[in-house]
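Structure record follows, encoded as structure tokens.
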Protein chains: 2
Amino acid sequence: MATISKETAKRLDPDKLAATALEIADAEGLDAVTIRRLAQLHDVTPMALYRHFSDKNDLLAAIGDRLLADIRLPEPNDDRWDLQLRAVLTAFVDALRPHPKAADLTLYRILVSEAGLAMAERTMELLTSGGFSVDDAAEVGRQSLCSLITLVTTEPGANEDTDPIAREDALRVKRAALAALPPRRYPLISAAADTLICPSSTDRYYSLGMDLVVAGIRGVLTDLQEEKK
Amino acid sequence: MATISKETAKRLDPDKLAATALEIADAEGLDAVTIRRLAQLHDVTPMALYRHFSDKNDLLAAIGDRLLADIRLPEPNDDRWDLQLRAVLTAFVDALRPHPKAADLTLYRILVSEAGLAMAERTMELLTSGGFSVDDAAEVGRQSLCSLITLVTTEPGANEDTDPIAREDALRVKRAALAALPPRRYPLISAAADTLICPSSTDRYYSLGMDLVVAGIRGVLTDLQEEKK
DNA sequence: ACGCTAGGTCTACGTTGTAAACTTGTCAAC
DNA sequence: GTTGACAAGTTTACAACGTAGACCTAGCGT
């Protein structure tokens, strides 16, 4: 009944492998994802993994594909193009948010994986329907997606340090470093130290990030159209 | 006369070390920067480096600081705040552009290194003078700088592969992958394949990226101000 | 019944970061 | 001068990593 029965336990499943690799990455960061460790978690010899992944990059790519596969694209509707675009990009970010330490892996898989291609095509549809040329849509879409990935990977608090005591320590060190610099020379940074270290609310962080991207797209579009006239 | 004379050759200079480490990174990527290799280039034992850097992260941080130190901030003037901001951000990008493979290292050094702090403070000055609250300026500035770093690190063509034959090969593979997907299902991606693989002009790539960021900032500002009313 | 092969194992190699103990060149103080 | 002491380079060693290559071996198609 289960994919792993008592005696057939030796049958490895690449999807399962990618799944537990992702768990490791979520918990301890990408560097902790190791062939040997992943093998051990599946009670198998390290070299066994190479029957399912050609090398470690291939494994990491599988993690990336997995993240992209979690995207739940909204159905097309009659909203204005930029609202729909925002919804698509939000779906992308929502898929990455649970895995800030692994989100980087999606970048080079967007134009390869099924789910990534679907999102990219939808993005370009909406951009061109808004008035971008195909080429401009490609470049604008590309950078927008990159920015959103970065938004997730640099989400404050997701950086590293699995256990809360080390994380708290790191936070304190950072706070102290900012508190130590001369407010005379860096008045604004000193004033914003708290926000710089840890933004008020994670939801606000993401909505502001999304606003920046979408507002940028709209602004560039009107610039391009005015310059054409 | 020179910093390294015949017999005093044994005196290592941390700045020189970071400089050649950067050269390695530029030529072959960050993974090629290795304690042993860097030591060998300075005719020294690997462990010698640890007298000047507490560990490898410390070395990488020094590279990041070096990049930030190359920023040539423009003098304040009477231009509108957003124009001046664009100039500051352009100075940042200009400092990173020669080193796309190492630009990532600046992210965690901006709020630590002298040059990074100077730029961050200037950025926040201009954002607040434009009308952002201090906290909003912090979050907006943070993400803008992140996006610009990403703009540089993902600059097409700078990805990897030192020698031109391997790079050409990789390009061909990518091109083939995009050409192989069904244009029926992905019409826009297929149409934009060339642009997606390699944008028309590097300068246009950067100016469009900068436009996106600055337009985003302006757009978010007016959104925030309207919502306050 | 027989071989083929998919999917494991075992062993081994080269590379990496770095801990610990050591040597040595230089300079300050007596 | 002689003598510590300290900064800076050396030596040796280790554990962990990715992975090449040779080797089982269970189970399936013919």
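In the text below, chain A, chain B and the rest are named by the order of the sequence lines, each starting its count at 1.
Taking atom CG of B:L59 as the reference point, atom P of C:dG17 lies 9 Å away to the nearest angstrom. As a whole-Å value, the separation of B:E28 CD from C:dT15 C1' is 15 Å. If you measure from atom NE2 of B:H42 to atom C1' of D:dA8, you get 15 Å, rounded to the nearest angstrom. When rounded to the nearest whole Å, the span between CG of A:D13 and C1' of C:dG7 equals 14 Å. When the C1' atom of C:dG8 is taken as reference, atom CD of A:Q40 falls 17 Å away, rounded to whole Å. The CG-C1' distance, from B:L38 to C:dG17, rounds to 13 Å in whole Å.
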So which protein nitrogen or oxygen atoms get under 3.5 Å of nucleotides 16-22 of chain D's nitrogens or oxygens?
| residue | atom | partner | partner atom | Å |
| --- | --- | --- | --- | --- |
| D:dC17 | OP1 | A:T34 | OG1 | 3.2 |
| D:dG18 | OP1 | A:K56 | NZ | 2.8 |
| D:dG18 | OP2 | A:I35 | N | 3.0 |
| D:dG18 | N7 | A:R36 | NH1 | 2.4 |
| D:dG18 | O6 | A:R36 | NH2 | 3.2 |
| D:dT19 | OP2 | A:Y50 | OH | 2.7 |
| D:dT19 | OP2 | A:K56 | N | 3.0 |
| D:dT19 | O5' | A:Y50 | OH | 3.3 |

Return all side-chain donor-acceptor pairs below 3.5 angstrom for residues 197-205 of chain B, not counting sequence neighbours, or 'none' if the list is empty.
| residue | atom | partner | partner atom | Å |
| --- | --- | --- | --- | --- |
| B:S201 | OG | B:D203 | N | 3.2 |
| B:S201 | OG | B:R204 | N | 3.0 |
| B:D203 | OD1 | B:R97 | NH2 | 3.3 |
| B:R204 | NH2 | A:D136 | OD1 | 2.5 |
| B:Y205 | OH | B:L151 | O | 2.7 |
| B:Y205 | OH | B:T154 | OG1 | 3.4 |

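Checking side-chain atoms of B:R122 against main-chain N and O of B:P74 turns up a donor-acceptor pair under 3.5 Å.
By the 4.0 Å N-to-carboxylate-O rule, B:E114 lies close enough to A:R185 to be salt-bridged with it. In summary, B:R66 and B:D15 do not engage in a salt bridge, as defined by a charged side-chain N under 4.0 Å from a carboxylate O. Under the 4.0 Å criterion applied to side-chain N and carboxylate O atoms, A:R37 and A:E28 are assigned as salt-bridge partners. A salt bridge is defined here as a Lys NZ or Arg NE, NH1 or NH2 lying under 4.0 Å from an Asp or Glu carboxylate O, and B:E155 with B:K101 fails to meet this definition.
In terms of phosphate contacts, A:H52 brings no side-chain nitrogen or oxygen within less than 4.0 Å of OP1 or OP2 of C:dA6.
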